[in-house]
> 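Below: one structure in structure tokens.
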Amino acid sequence: MSQPHSAQEDLITVRQLRKAYGATYVLKGVDLKVKRGEVSFIIGPSGGGKSTLLRCLNFLVKPSGGEIIFGDRRLCHEDGNTFHVVPERELRDARSRMPMVFQHFNLFNHRTVLENVIEGPTRVQKRNKEEAIAEARVILDKVGLLERQDFYPDQLSGGQKQRVAIARAMAMRPQLILFDEPTSALDPELVSGILDTIRQLAVEGMTMVVVSHEMKFARRLADRVHFVAEGIVVESGTPERVFDAPESDRLKGFISSILH
Amino acid sequence: MYDFFFVLIPRHMPYLLEGALVTLELSITSMAFALVLGILVALGRLSDRALLARPLDAYVEIWRDVPLVVQLLVIYFTLPQIGIRLPGFWAGVLGLSLNLGAYLSEVFRAAITSIDDGQREAGLSIGMSRTMIYSRVILPQALRIALPTVGGYFISLLKDSSLVSFIAVNELLRHGTIVISSTFRSMEIYLMVAMIYFVMSFTASRLVARLEFILTPKHLRRNVPTVAPTPLDALPAAHTSTSTP
């Protein structure tokens with residue numbers, strides 16, 4: 001059944017997602033929904049599975065079980081005892097529509113800012129190079145780096161690198177952007193610039209899933225907050241619900257630990 | 001005082017240079033094969049397919065553990081026994097390529113693994129295929145890192161190719177020994193041979209350095225001051241602190 005293209009549509013549905021490394025389960029059955037146009041924050045203690053969850057969504061980490069539906073495609077599911085994942089080609093297509101911004105930027109070091117941004121559009125999406133460049137320049141202008149388009153990554157500050165990484169993701173014309181602790185590797189004075197860029201994207205209606213330790217930012221920007229600990233989503237809700245009226249002891253403990 | 005036969009120089013130089021040309025052909029051909037082999041073996045050993053990686057590990061180990069001259073002799077005398085007749089030149093190319101390929105695969109493997117995994121992940125995250133990630137992201141950077149070492153191996157190859165004279169390939173050293181057997185002037189001829197090797201290797205090492213410089217992006221070119229640095233005390237105080245916005 002096709003649903004109308006509305007803000008209520010689920011862009012991502014995750015059911016009973018599990019990930020094991022050897023005998024250790026890092027994700028023990030995660031349920032999660034992300035609606036189109038929604039900004040979701042994933043918070044929780046270190047080692048609780050936040051990053052693994054995010055990386056399972058685009059299969060940078062291959063899940064061990066469960067179901068992931070992205071748009072109208074089911075990327076993986078279980079059938080009895082067998083775990084099915086769509087072929088690599090379809091995973092690549094899905095990834096190109098939900099690019100990721102990393103903690104350590106991960107820019108292509110041998111390419112200029114502009115080349116980093118047009119790599120995906122021209123090589124993966126096979127778009128016309130001149131058009132891709134024109135669009136990339138608009139995006140770079142938006143993140144305030146147009147005058148740095150011919151610089152190499154190691155000529156940029158951390159904050160500038162991360163804005164290039166965000167521009168690289170935006171250039172994919174994504175349906176969703178995944179952020180894996182985008183400000184954790186930055187000097188404190190550079191954090192707000194990145195947060196502003198993400199806020200601007202939120203205002204424009206970009207769907208985003210953000211793993212972050214920036215609680216104040218999560219409270220202001222998030223439509224939904226998911227608290228992940230010990231491999232499951234313990235609580236989900238609006239920022240007010242999660243931060244002001246936590247129900248589980250684990251979330252109460254986490255919130256008091258970050259406040260004090 | 002030893003009577004140096006200068007007259008030998010013009011008389012035998014053309015013949016020695018003819019051998020030097022074969023040495024160059026032998027080295028360049030072997031290098032081309034070894035480069036391709038080295039990259040493919042490095043990629044194979046880095047793949048997670050054990051069926052591919054383990055035999056390649058064995059190849060690298062075996063070829064590095066047997067002296068090159070012995071490898072050449074084995075190839076030269078074994079191949080005819082199994083019905084393969086290669087001219088000496090190509091037997092030499094085969095031996096040198098297989099040997100250098102084993103070493104270069106280690107150089108490339110190290111260079112590839114030195115590229116941080118984040119760039120591979122970034123490639124994946126925008127939908128690039130593995131092949132695309134290697135050809136567009138990892139190899140361009142890895143090859144630049146490997147270049148100085150590979151260049152060094154090429155210079156070694158120019159010299160090591162003299163071992164091919166053992167299997168009767170008419171390269172520089174063999175032409176030298178041929179001249180000596182008719183003139184009995186070992187010192188003059190070996191000095192000439194040595195000089196020709198030196199000129200070839202020295203030129204090669206300059207070319208490698210030049211190539212390295214060209215392939216380095218402008219902002220990364222270090223130790224090549226184009227203008228003399230300004231003495232610190234000559235700078236106005238306000239300009240001494242630089243900051244990146």
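What's counted below: heavy atoms across the whole structure, side chains too, no hydrogens, waters or symmetry copies. Each chain gets a letter, A, B and so on, in the order its sequence line appears, and its residues count up from 1.
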> For chain B, which of A:Arg123, A:His104, A:Met172 has the most heavy-atom pairs under 4.5 Å?
A:Arg123

> Tell me, side chain or backbone of A:Asp93 under 4.5 Å from chain B's heavy atoms, or both, or neither?
neither

> What do you reckon, is CZ of A:Arg137 surrounded by more than 12 foreign heavy atoms closer than 6.0 Å?
no

> Treating A:His110 as the side-chain partner and B:Arg136 as the backbone partner, does any N or O pair qualify as donor plus acceptor under 3.5 Å?
yes

> Contact part of A:Phe108 toward chain B, heavy-atom cut-off under 4.5 Å: side chain, backbone, both or neither?
both

> Scan residues 184-194 of chain A for pairs that pass side-chain hydrogen bond (donor to acceptor under 3.5 Å, both in side chains), counting only residues two or more places apart or in two chains.
A:Glu181-A:Ser184

> Do other residues, nucleotides or ligands put more than 12 heavy atoms under 6.0 Å from the CG atom of B:Leu51?
no

> Under 4.5 Å, heavy atom to heavy atom: which of residues 111-129 of chain B reach chain A? Give them by number, or say none.
B:Asp116, B:Gly118, B:Gln119, B:Glu121, B:Ala122, B:Gly123, B:Leu124, B:Ser125, B:Ile126, B:Gly127, B:Met128, B:Ser129

> Check each atom of A:Arg111 against the heavy atoms of chain B and say whether the ones under 4.5 Å are side chain, backbone, both or neither.
side chain

> For B:Arg130, does the CZ atom have more than 12 heavy-atom neighbours from other residues, nucleotides or ligands under 6.0 Å away?
no

> At a 4.5 Å cut-off on heavy atoms, which part of A:Arg89 comes close to chain B: side chain, backbone, both, or neither?
neither

> Contact part of A:Leu107 toward chain B, heavy-atom cut-off under 4.5 Å: side chain, backbone, both or neither?
backbone

> Counting only heavy atoms not in B:Phe33, do more than 12 sit closer than 6.0 Å to its CZ atom?
no

